[in-house]
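Report on the following structure.
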Amino acid sequence: MDIGMYFKPPELTSGAFKVWRRNKDVFMKNVKLNFLPPFIEPLLYLFAMGFGLGMFIEEIDGVPYVNFIAPALISVSVMYGAFFECSYGSYVRMYYQKTFDAIIATPLSIEDVIIGELLWGATRSTISATLMLPVIALFGLITFPHSLLIIPFAFLAGLLFACLGMCIAAVTPNIMSINYPILLFITPMFLFSGTFFPLNVLPEIVQYIALAILPLTHVVIIIRALTFGAPGWFLLTNLLWILVVCALGFVVSVNMMKKRLVV
Amino acid sequence: MTSGTLEVFGLDVNVHQREIKFKMGVVPQENNLDPDFTVYENLLIFSRYFDIPEDEAKKRVDELLEFVHLEERRDTMTDSLSGGLKRRLVLARALINRPRLLILDEPTVGLDPQSRHLMWDKLKGLKKQGVTIVLTTHYLEEASQLCDRLVIMDNGKILVEGSPTDLIQEHIGSAIVETDKDPKVISCLDVHQVNYEVLGEEIQIYTDKPQEITDHLLSECKLTSVTARAATLEDVFLKLTGRKLRE
């Protein structure tokens, strides 16, 4: 088998934006329902973990526990937004709804469809992050204007998780099997990416693994620095890691999906 | 066969996919309508994929809904449409770009007779307007009704090619006389050197002179029940591909 085929750069055309627009139109049909979770979810976590569990925890890295987890909640929602959209969502559109089949009978190509799906996944993350900011700001847990940078950053980070989800949609034998990568990759990320406790309490080797292979670690570091209003040059390393993995994931996920769809 | 070239409108399909698809409409075997949208939205959203400006698209959607008699259902979600209505919507969707070539895969499979005849009617209308129609079907009556030219394929190979009437004439003759299988009848037919075939419990005689043969059989072979009917494309198909069940 030719491994090189997975690294062929896809062609980006306006067709991708038509697919993006189709997904946006579906989202807007149920806009009230879709806008609710990003408001409610942070409230639940903030009360349970921040104000509940947080009562037993002294400051972490010099900030109250609830301030420590607020950026993690945004990061996790960026991860979930795009990942679920491009794993379950794309799989349902591809396999059950045959939406992709219908679209590629038109002048649009398979690449247009997959790139449109990825861009939409990143958009879902951006929407989630944007909606969560005012809720969390209401509790005075984040610093402005730095935190506004989270909005464009959520698109980049979201794109990375969209690509991960798409890779899984490309290889999963059925919809139930998507549970496994979630159990083995997404849930560990949710727990071990410096989200609810600092990375440096873990054994050194685990820290290195987290930094090497868990994208959420880098996302949390950047978003936390922004909500604390303390960005620094050190973030460029994390940003570079995300950019490189995102570019790689983008190319590979499009080609993996193409391989699945073209018999 | 493992290779070859395919040209549509004189363009190579491997090179000019986009250009070709702009001028083409497809009705797939499976109704892959978008379940997230209504009838009207399905057509409107599809029009964007062909770069049709929105004002023009809205006009065309209204026309097409009228063409397939779905005006009343414009705001229905596609999941709650019946099979026949879904099929009509898929046809309308395939016409949104006013294609010069329409490809249909089993367009009327599973439809009730009314819906099937409506679909045939629409396709005949499109044919008159000059749209080239390519369709696959297992309904030989459909092929007889719609096709100017057809090929019968079996196991990926083309067996015959021609117009429905030519194929019937060439392989069967104009008529078929049928009677029950009976050893006495068979020996009588053998004596008279009639061209016949035994199919299950039935004897079929291929002929251009059904009246003559029938009279002859009734008087000479003492037949009790005889049916004469026009030969159809189905007879050609069965004769060429055999009666064994397919995988």
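If you measure heavy-atom distances from A/Lys18 to chain B, the contacts under 4.5 Å come from both the backbone and the side chain. No part of B/Glu19 comes within reach of chain A, as not one of its non-hydrogen atoms sits under 4.5 angstrom from that chain. Heavy atoms of B/Leu33 lying under 4.5 Å from chain A belong exclusively to its backbone. Looking at B/Asp34, only its side chain comes within 4.5 Å of chain A, counting heavy atoms on both sides. For a residue to count as touching a neighbouring chain, one of its non-hydrogen atoms must lie under 4.5 Å from one of that chain's; by this rule A/Asp25 touches chain B with backbone and side chain alike. Looking at B/Thr38, both its backbone and its side chain come within 4.5 Å of chain A, counting heavy atoms on both sides.
Contact between B/Arg18 and A/Ser109 at its shortest, heavy atoms only, is NH2-OG, 3.6 Å. Minimum heavy-atom separation, A/Leu108 to B/Tyr49: CD1-O, 3.5 Å. Between B/Lys21 and A/Ala105, the shortest heavy-atom contact is CD-O, 3.8 Å.
Ion pair A/Arg22/B/Asp36 flagged as a salt bridge, since at least one NZ, NE, NH1 or NH2 atom sits closer than 4.0 Å to an Asp/Glu carboxylate oxygen.
The environment of CG in B/Asp79 is crowded: more than 12 heavy-atom neighbours from other residues, nucleotides or ligands sit within 6.0 Å. Within 6.0 Å of NZ in B/Lys59 there are 12 or fewer heavy atoms belonging to other residues, nucleotides or ligands. When the shell of 6.0 Å around CD of B/Glu66 is examined, it contains 12 or fewer heavy atoms from other residues, nucleotides or ligands. Counting heavy atoms of neighbouring residues, nucleotides and ligands inside a 6.0 Å radius, atom CZ of A/Phe190 exceeds 12 of them. Under a cut-off of 6.0 angstrom, the local environment of CZ in B/Phe9 is crowded, with over 12 non-hydrogen atoms contributed by other residues, nucleotides or ligands. Within 6.0 Å of atom CD in B/Glu56, more than 12 heavy atoms from other residues, nucleotides or ligands are found, so the atom counts as buried in its surroundings.
Using a 4.5 Å heavy-atom cutoff, the side chains of A/Thr99 and B/Asn32 are not in contact.
Options A/Asp112, A/Val19, A/Val26, A/Ile104 differ in how many heavy-atom pairs under 4.5 Å they form with chain B, and the most are formed by A/Val26. For the set B/Ile20, B/Ile103, B/Asp51, the count of heavy-atom pairs under 4.5 angstrom toward chain A peaks at B/Asp51.
Taken to the nearest 0.5 Å, the CZ atom of B/Phe46 stands 5.5 Å off from the OG1 atom of A/Thr106.
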